[in-house]
Amino acid sequence: MTSNDLNLVHGQGASGLDLQTSDGSLSRNEDTTTLPPRSSRIPGFAQMPVRARLNALVERDFLSRDCADALSDAGSLTSELADNFIENCIGSFALPLGVATNFLIDGREFLIPMAVEESSVVAAASHGAKLARSRGGFFTTPTKSIATSQIQFKVDPTEAAKIPVWFETVRAEIITRANACHPRLLNRGGGTTGVELRILSKPGVFVIHVHVDTREAMGANIVNTIAEEIGRWLPSAFPCRVGLKILTNLTVHRITRVRCEVESKNLEMGGFTGPEAVERIVEAWEFADLDPYRAATHNKGVMNGIDPVVIATGNDWRAVEAGAHAFASLTGQYKPLTRWWKGDVGQLVGEIALPVAVGTVGGVTRLHPSVQSILALLGNPDANELSGIIASVGLAQNLSALRALACEGIQRGHMALHEKNIEMLRRYDHMPSLTAVARGSEPTQNQ
Ligand code: MEV
């Protein structure tokens with residue numbers, strides 16, 4: 001386990017103002033009687049036993065009893081189902097499922113399911129969300145679910161100059177052919193939104209992009225079918241050799257943007273005043289903006305928030321990772337996925353922008369026994385709402401990390417976590433693999 005962000009959630013414990021608990025709730029100075037019944041602020045959530053937490057979600061109407069039961073059954077992915085998902089299946093691999101609290105997104109309360117093995121990630125997300133509540137939470141900019149097919153083709157370099165003109169003559173036909181692949185998608189309000197010719201740097205090498213509104217689906221299958229259909233037709237329209245026909249994970253027509261603000265007084269930490277903390281967080285962001293070595297770690301922290309929600313909702317986290325890092329490199333230098341600056345009244349302002357190609361239908365969403373309950377916990381969002389939720393968690397996670405790194409450092413939390421891990425190894429000493437890891441030595445008599 002590599003968690004070095006345990007004290008991302010320490011808040012202002014040292015100065016005594018608001019001691020942060022691991023659910024991101026503030027244990028003191030809080031009037032909980034004013035919370036609405038369906039609030040994502042659940043004081044004491046972190047201290048409850050697992051079953052009581054599930055009950056709390058049911059009581060607050062975030063989850064039906066059936067969904068709670070489905071989630072509590074950690075072994076519900078049967079080997080029969082798992083065997084249908086992948087080849088050569090020998091079992092399944094479980095991850096803890098946590099719930100990040102405090103999320104207010106576009107004025108709505110959200111509890112965020114996160115499937116993750118790294119301790120303190122859920123707490124840090126909850127903490128970041130708590131900080132953002134002071135100025136209304138997170139605000140998303142709607143985007144469409146646009147996925148893109150790529151069709152690579154090569155012509156004789158002496159013919160290359162003709163291609164842009166020829167492309168204009170077949171633009172409409174490409175759209176018609178692409179739409180014919182998925183007539184039901186058109187009925188659902190989706191379909192091809194545009195086609196584009198890209199000229200690559202090697203003479204005679206081109207790519208056609210077909211952009212498709214895939215509605216509720218992540219869209220990989222939809223655009224791959226289109227790519228293959230256009231690839232089959234292309235040589236009959238112009239003498240060429242067709243290469244790859246596949247989607248791109250760099251979905252630049254599907255960029256999810258989220259913004260939040262935090263009052264400077266809420267950022268006080270490690271002996272720094274709120275305004276000082278704002279300055280330090282902005283400088284921490286600048287470090288990532290200037291230096292790709294730091295940007296890599298900065299974005300790892302962002303993905304600490306994003307991946308667990310992508311995984312929990314049954315989506316393809318490799319696709320989201322690939323898209324995020326390609327997007328971060330678009331300018332030619334690897335850049336941070338977030339931006340932080342000081343607002344006009346001294347508040348901290350943050351924004352995140354990245355492609356979040358996720359769906360709420362298709363893939364394993366219907367088949368995985370937990371995913372339907374997890375989507376229900378999120379209020380059954382559509383694909384775009386889900387992208388906004390996911391990006392909000394990335395922004396919250398980054399806020400917690402930068403505040404802790406800029407104001408206090410992470411070593412205090414790291415050492416606390418180390419102690420916790422040693423204690424866990426002691427408790428599970430009878431388990432052969434853990435014992436071997438803990439001692440880094442020969443098998444013992446327990447084994
Ligand atoms: C650790 O999992 C994530 C951080 O390193 C992120 C960061 O440095 O911004 C704390």
Side-chain angles (χ1 to χ4, degrees), residues 1-11 13 20 22 24 95-96 98 100 112 114-132 258 260 262 267 269-270 272 277-312 317-318 320-321 324-325 327-329 333-341 348-354 390-421 424:
M1 200 180 290
T2 57
S3 176
N4 52 4
D5 54 359
L6 186 70
N7 67 342
L8 305 186
V9 295
H10 278 172
Q20 192 71 37
S22 60
L95 280 176
I112 311 286
M114 299 179 81
V116 63
E117 90 298 345
E118 185 172 333
S119 47
S120 84
V121 163
V122 177
S126 306
H127 178 51
K130 172 74 175 85
L131 291 172
V258 178
C260 74
V262 187
L267 291 166
M269 190 186 204
F272 293 105
V278 171
E279 299 288 346
R280 294 180 72 86
I281 291 169
V282 172
E283 276 171 22
W285 169 79
E286 269 168 6
F287 179 13
D289 194 48
L290 294 168
D291 180 5
Y293 288 88
R294 171 57 204 156
T297 322
H298 179 105
N299 287 347
K300 190 278 182 183
V302 171
M303 300 315 283
N304 271 353
I306 287 181
D307 285 343
V309 194
V310 176
I311 293 170
W317 75 95
R318 287 87 54 208
V320 174
E321 280 278 342
H325 299 297
F327 186 68
S329 313
Q333 180 180 322
Y334 188 81
K335 288 283 187 178
L337 292 163
T338 59
R339 192 159 79 86
W340 294 98
W341 68 97
L348 180 69
V349 188
E351 243 176 33
I352 186 168
L354 80 166
I390 290 171
S392 301
V393 185
L395 190 59
Q397 199 81 36
N398 185 234
L399 169 60
S400 281
L402 291 191
R403 181 187 183 217
L405 287 163
C407 298
E408 196 174 64
I410 57 165
Q411 204 52 16
R412 183 159 69 93
H414 188 67
M415 291 318 289
L417 176 67
H418 185 64
E419 288 297 313
K420 204 176 120 195
N421 286 351
M424 193 155 83

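Atoms considered below: every heavy atom in the structure, side chains included; atoms not considered: hydrogens, waters and symmetry mates. Order of appearance sets the numbers: ligands from 1, and atoms from 1 within every ligand. Keep in mind the model is a prediction, meaning the values are calculated, not measured.
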pair Trp340-Leu399: side-chain heavy atoms closer than 4.5 Å: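 In contact.
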
Where ligand 1 meets Asn304 - atom numbers and elements under 4.0 angstrom, heavy-atom basis: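 Counting atoms of ligand 1 from 1, those under 4.0 Å from Asn304 are 1 (C), 2 (O), 3 (C).
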
Proximal atoms of ligand 1 relative to Leu405 (non-hydrogen, under 4.0 Å):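 The atoms of ligand 1 under 4.0 Å from a heavy atom of Leu405 are 7 (C), 8 (O), 9 (O).
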
Heteroatom proximity flag, Glu118 to ligand 1, N/O under 3.5 Å: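 Between Glu118 and ligand 1, an N or O pair is found under 3.5 Å apart.
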
Side chain, backbone, both or neither: Asn398 near ligand 1, heavy atoms under 4.0 Å: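 Asn398 to ligand 1: no contact under 4.0 Å from either part.
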
Which segment of Arg294 sits under 4.0 Å of ligand 1 when only heavy atoms are counted: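 Side chain only.
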
Heavy-atom pair of closest approach, residues Ala406 and Ala284: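 Answer, listing the atom of Ala406 first, then Ala284: CB-CB, 4.3 Å.
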
Contact summary for Val262 and Leu131, nearest pair of heavy atoms: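 Smallest interatomic distance, heavy atoms only, reads CG1-O, 3.6 Å.
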
With sequence neighbours excluded, residues passing side-chain hydrogen bond (donor to acceptor under 3.5 Å, both in side chains) with Asp307: none

Partner set under side chain to side chain contact (heavy atoms under 4.5 Å, CB included) for Gln333, not counting sequence neighbours: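 Side chain to side chain contact (heavy atoms under 4.5 Å, CB included) check on Gln333 returns Pro292, Thr331, Lys335.
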
